[in-house]
Amino acid sequence: MRDGLSELPPIRDPQSGADHAGDGLKYDLQGIGALAVNPLGDRIINAFFREGEEFTDFRAFMRVLARFRPVEEGKSKETGYPEPMNSRLSKLQFAFQLYDQDSDGKISRAEMLQVLRLMVGIQVTDEQLACIADRTIQEADQDGDGAISFEEFATSVEKLNIEQRMSLRMLK
Amino acid sequence: MFLLLPFDSLVVNLLGISLTVLFTLLLVFIIVPAIFGVSFGIRRIYMKTLLKIFRWATLRIERGAKEKKHPLYKPYVNGIIAKEPTSLEEEIKEIRRSGSSKALDAPEFELSDIFYFCRKGIETIMDDEVTKRFSAEELESWNLLSRTNYNFQYISLRLTVLWGLGVLIRYCFLLPLRIALAFTGISLLVVGTTVVGYLPNGRWKEFLSKHVHLMCYRICVRALTAIITYHDRENRPRNGGICVANHTSPIDVIILASDGYYAMVGQIHGGLMGMIQRAVVKACPHVWFERSEVKDRHLVAKRLTEHVQDKSKLPILIFPEGTCINNTSVMMFKKGSFEIGATVYPVAIKYDPQFGDAFWNSSKYGMVTYLLRMMTSWAIVCSVWYLPPMSRQPEEDAVQFANRVKSAIARQGGLVDLLWDGGLKREKVKDTFKEEQQKLYSKTLVGNHENRSRS
């Protein structure tokens with residue numbers, strides 16, 4: 001049975017229940033009730049696995065979770081070092097990935113509609129959804145190509161406190 | 001070789017004497033009190049002694065860990081991440097307000113909405129309310145059982161010796177004793193109820209049946225060294241009622257049935273269980289279903305209704321969760337028993353995991369392994385609260401009634417009241433719950449307007 005995982009540090013000893021070797025991780029994740037009722041649950045689960053793969057290892061799993069670490073205060077950006085996993089940019093990339101399923105770097109109108117449809121289920125008509133999608137693309141699209149690129153996405157949410165919204169604070 | 005002979009007979013004699021002494025002690029201290037329902041209080045003294053030893057053991061581990069300057073593994077009882085208890089609506093509004101420069105009162109979709117679902121999803125992967133209910137509860141202090149020890153490497157020599165002694169006592173003394181008692185209890189039950197079954201129906205039969213049942217369950221209670229504290233016994237279930245309780249293990253049945261005379265409900269099994277079932281139903285009317293009948297909900301409801309309407313019949317014992325939960329929470333009650341219309345007598349059972357965890361993790365252990373684990377623990381300590389009877393009010397339906405009873409049980413037992421279905425142990429969640437979430441979200445998109453024009 002899968003137990004909750006803690007981030008570094010402290011990492012819980014694998015023998016007490018954390019998933020090992022990722023066998024059946026996808027199945028376990030799909031079994032989490034609160035995740036199954038999340039309209040974007042499936043997409044979030046797929047974010048842990050590479051394209052078409054059913055398995056992953058613990059490191060890869062943790063790398064995805066690491067994006068949700070709170071950003072440390074007062075750390076200045078060091079040039080020459082790779083982008084930290086939990087930076088604003090990484091968090092934005094994670095969210096963008098949920099929209100952009102074919103990973104072409106743009107959210108097309110079709111992809112927009114897909115996500116909207118997932119989030120509302122059967123509650124909203126096609127026409128209303130199309131209206132919403134068109135309006136959103138129109139507002140965010142700056143270079144007029146009818147799709148939202150990553151930069152346009154980042155610009156449209158620049159006022160938002162992403163560091164806080166996309167971070168999970170560990171209890172001591 | 002001839003010199004060994006007198007020695008042999010000496011050994012045989014000693015063996016014979018010790019066995020006789022043992023059985024006499026067994027009879028006097030355990031079986032006779034069980035028959036009459038009295039207690040010498042030996043188990044409680046045993047419990048107090050054990051507590052003192054456990055406290056010492058924990059202090060020793062903490063001291064050892066401090067000396068070696070290693071962090072101890074401490075179980076997080078309240079979860080590992082900080083969660084804010086806000087609703088979907090509030091949070092989405094928050095996100096939209098803070099991210100956009102528009103004056104937002106009209107509901108409108110924003111790209112930033114996705115952050116809410118993202119975060120909620122990852123939160124549940126790290127720590128969700130349900131999964132941790134299906135594995136054994138983690139203890140704050142060590143109870144000298146290696147199965148509950150997470151800090152094994154910090155034990156001193158003295159502690160290891162104590163643990164070794166504990167293993168010896170549990171496996172070589174307590175286990176055979178308990179198996180002997182269990183054997184006695186079960187055989188007495190089968191034989192006793194079969195004999196009573198031959199009597200003609202009447203007052204005598206009822207009286208004897210009741211006492212045979214109670215006596216055998218009490219012997220089984222002692223076979224597990226179960227130390228039970230009953231509260232509010234004046235609320236005990238009466239004829240024509242239904243007794244509902246939270247379910248942690250098959251032992252729940254023994255615990256409740258040793259203090260009251262109930263009619264059991266269940267499916268007929270094969271083997272030993274089946275033999276017991278067939279025997280007890282001769283003495284008093286339990287409700288057993290064939291495997292094929294269990295699927296037919298109407299048939300089940302009909303038989304139960306017939307049973308409760310007959311006031312001379314015993315109260316039914318039912319566990320509405322449908323599966324074993326690890327005794328930290330109460331999960332959704334199935335509404336079947338609450339539709340019948342009888343008075344419901346709720347009972348809350350809370351185990352103290354310090355002495356032995358009674359939770360049956362059926363995906364990890366089979367029945368026999370589970371019973372062996374029970375019989376090699378120190379003791380099973382639990383509290384039983386009999387709550388005042390409840391009936392369905394005219395304005396509530398079966399589901400609301402079930403939830404009301406569930407809350408009462410959770411509150412009394414100090415357990416968390418969860419809305420989730422215990423069936424999540426084995427199956428995926430139903431789509432209706434996802435639709436609820438989608439409905440809530442749609443309201444933030446298109447508002448509550450029912451008559452939006454469909455172009």
Query - Phe117(B) ring center near Tyr441(B) ring center (under 6.0 Å) - result: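 That pair passes the under 6.0 Å test.
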
Query raised in the report: Is the centre of the Phe94(A) ring less than 6.0 Å from the centre of the Phe68(A) ring?
Result: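 Under 6.0 Å, so yes.
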
Query raised in the report: Between Leu98(A) and Cys118(B), which heavy-atom pair has the shortest distance, and what is it?
Result: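 Smallest interatomic distance, heavy atoms only, reads CD1-SG, 3.3 Å.
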
Report task. Check for a donor-acceptor pair, side chain of Asp141(A) on one end and backbone N or O of Asp145(A) on the other, with a separation under 3.5 Å. Result ->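 Side chain of Asp141(A) to backbone of Asp145(A), a donor-acceptor pair under 3.5 Å: yes, one is there.
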
Query raised in the report: For chain B, which of Thr136(A), Ile45(A), Ile132(A), Ile107(A) has the most heavy-atom pairs under 4.5 Å?
Result: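 The residue among Thr136(A), Ile45(A), Ile132(A), Ile107(A) with the greatest pair count is Thr136(A).
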
Query raised in the report: Can you say whether Ala133(A) sits under 4.5 Å from chain B via the side chain, the backbone, both, or neither, judging by heavy atoms?
Result: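 Neither the backbone nor the side chain of Ala133(A) comes within 4.5 Å of chain B.
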
Report task. Identify which part of Leu92(A) has an atom lying under 4.5 Å from any heavy atom of chain B, answering side chain, backbone, both or neither. Result ->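 For Leu92(A), the side chain is the part near chain B, not the backbone.
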
